[in-house]
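Below: one structure, written as structure tokens.
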There are 2 protein chains.
Amino acid sequence: MSMVNSALSTTAYALLGLLVFDRENPEGMTGYELKQRADFTLRYYWVSPAMSQIYTELRKLSEAEFVETAPSDGPARYRVTELGEEQLQTWLFHGEVGFPILKHPVALRLLMGRLSTPEQLGSMLEGHLDDLAARRADLQGVRDMLGDEHRVRYAAMVADWGLAYYDSEAQIVAGLRERLDGMD
Amino acid sequence: MSMVNSALSTTAYALLGLLVFDRENPEGMTGYELKQRADFTLRYYWVSPAMSQIYTELRKLSEAEFVETAPSDGPARYRVTELGEEQLQTWLFHGEVGFPILKHPVALRLLMGRLSTPEQLGSMLEGHLDDLAARRADLQGVRDMLGDEHRVRYAAMVADWGLAYYDSEAQIVAGLRERLDGMD
DNA sequence: ACGTGTCTATTCCTAGTAGGAATATACCTA
DNA sequence: TAGGTATATTCCTACTAGGAATAGACACGT
């Protein structure tokens with residue numbers, strides 16, 4: 001990706017995006033709050049960065065003057081700047097949009113299925129279905145909290161996307177589960 | 001994940017899995033061939049490791065004696081060992097099965113949609129649909145080549161999983177595309 | 001025969017990323 | 001008032017990404 005000096009990572013832009021959502025709030029957010037927000041929303045579409053990385057990215061964003069620290073006697077509170085918002089907009093529609101990256105440990109194991117029995121594989125798939133259901137419930141919680149107000153309209157759309165994703169994966173996996181029973 | 005000394009990464013096990021598929025072949029595979037194989041099959045379910053990483057993982061696998069180098073006067077050719085196969089089996093059913101990790105640059109951008117127009121978002125989604133179709137076609141090619149013979153039965157199942165995945169994502173994205181038209 | 005290009009094969013380097021541990025303060029509660 | 005949990009940030013280290021560099025082999029046209 002040739003990350004030359006000034007170029008920011010996708011994760012940095014994702015965080016910048018979270019700050020834009022919060023731009024009405026003059027207080028700004030601390031790195032810690034940003035992490036919580038990321039865990040709550042971002043993680044369904046992009047890896048939620050580690051705490052240490054949040055602060056690293058905030059430092060970079062700060063150097064580029066895409067964020068500023070609102071004066072505070074306590075912890076550092078970040079707000080997006082005018083420049084930051086423009087930059088995000090530029091990146092959104094002129095930056096490279098890569099292809100989704102998937103790391104699917106369950107599919108990976110099934111791929112090596114011949115080293116195991118259909119029973120073992122079946123129970124793994126069932127475990128995966130449980131995980132999917134739990135995650136889906138979490139995301140449904142997020143979706144319910146979003147509502148439909150204009151500010152979060154697109155976030156709500158993406159949440160619906162995520163829910164449909166989980167549902168279709170669950171269907172597919174259940175189908176495979178059945179198919180396993182028809183095997184030796 | 002607490003990667004203590006001896007523990008191998010998921011990527012290492014994925015490569016070990018590819019070597020197991022090839023275990024009938026006394027010649028073994030070079031790192032280069034392994035990379036090609038990974039690009040051809042693995043990449044749909046797990047990030048295809050960079051060349052440099054292939055060699056790094058092969059060194060680790062070799063140190064653990066999970067692979068051996070078949071004698072060759074030319075390039076190094078690797079084969080899975082008895083021990084390696086056992087280890088893979090152990091890992092498959094006693095290792096932690098993490099949750100899938102997704103990095104979805106399109107969903108991420110849509111999440112910040114309010115910084116842009118529905119037209120811009122729509123054309124981004126259309127681009128994504130094209131990408132999906134192209135990828136799907138690639139995967140269909142892989143699937144066709146696999147057939148249904150016992151050796152690759154599970155690999156074929158996973159390919160079907162992948163195809164269904166692409167189809168459902170395409171449907172979901174097309175749905176969102178429509179929904180955008182109904183917006184301001 | 002000769003340069004150019006592509007494929008095979010491997011190593012090296014650098015920057016990015018993960019993620020636990022460490023530190024420190026504050027607040028709540030048993 | 002000790003101990004747990006939440007807030008807030010930094011540090012360290014190992015892992016990962018991925019391009020660049022190197023180098024031999026083979027092919028193809030001139």
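Here the structure is a predicted model, which means the values were calculated and not measured. All chains are named by letter (A, B, ...) in the order of the sequence lines, taking the proteins before the strands, and each is independently numbered beginning at 1. Only heavy atoms go into these numbers, but all of them, side chains included; no hydrogens, no water, no symmetry mates.
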The correct set of residues in residues 45-55 of chain A placing a heavy atom under 4.0 Å from DNA chain D is A:Met51, A:Ser52, A:Tyr55
With sequence neighbours excluded, residues passing side-chain contact (heavy atoms from CB on, under 4.5 Å) with [X]:
X	answer
B:Arg136	B:Gln140, B:Leu163, B:Tyr166, B:Asp167
A:Glu85	A:Val20, A:Arg23, A:Val80, B:Leu115
B:Ala70	B:Arg77, B:Arg79
A:Ala164	B:Ile172

State which residues pass side-chain hydrogen bond (donor to acceptor under 3.5 Å, both in side chains) with B:Arg177; sequence neighbours excluded, sorted by chain then number.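 For B:Arg177, the residues satisfying side-chain hydrogen bond (donor to acceptor under 3.5 Å, both in side chains) (neighbours in sequence not counted) are B:Glu126, B:Asp181.
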Residues which pass side-chain hydrogen bond (donor to acceptor under 3.5 Å, both in side chains) with A:Asp131, listed by chain and number, not counting sequence neighbours: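 None.
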[N] [atom2] sits how many Å from [X] [atom1], rounded?
X	N	atom1	atom2	value
A:Lys60	C:dT17	NZ	P	6 Å
A:Tyr78	D:dA8	OH	C1'	11 Å
A:Glu57	C:dG19	CD	P	15 Å
B:Lys35	C:dT8	NZ	P	13 Å
B:Ile101	D:dC15	CD1	P	16 Å

Any residue of residues 12-20 of chain B with a heavy atom less than 4.0 Å from an atom of DNA chain C: none
By ring-ring contact (aromatic ring centres under 6.0 Å, His included), which residues pair with B:Tyr13, not counting sequence neighbours?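 Partners of B:Tyr13 by the ring-ring contact (aromatic ring centres under 6.0 Å, His included) criterion, ordered by chain and then number, come out as B:Trp91.
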Output all residues satisfying ring-ring contact (aromatic ring centres under 6.0 Å, His included) with A:His128, sequence neighbours left out; order by chain, then residue number.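 So A:His128 forms a ring-ring contact (aromatic ring centres under 6.0 Å, His included) with A:His104.
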Between the protein and nucleotides 5-7 of chain D, list every N/O to N/O distance that falls short of 3.5 Å.
| unit_1 | atom_1 | unit_2 | atom_2 | d |
| --- | --- | --- | --- | --- |
| D:dT7 | OP2 | A:Tyr32 | OH | 2.9 |
| D:dT7 | OP2 | A:Gln36 | NE2 | 3.1 |

Residues at least two apart in sequence or cross-chain that pass salt bridge (charged side-chain N to carboxylate O under 4.0 Å, His left out) with B:Arg179, listed by chain then number, are A:Asp160
May I ask you to decide whether A:Asp138 forms a salt bridge with A:Arg43, counting only side-chain N to carboxylate O separations under 4.0 Å?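 Answer for the salt bridge query: yes.
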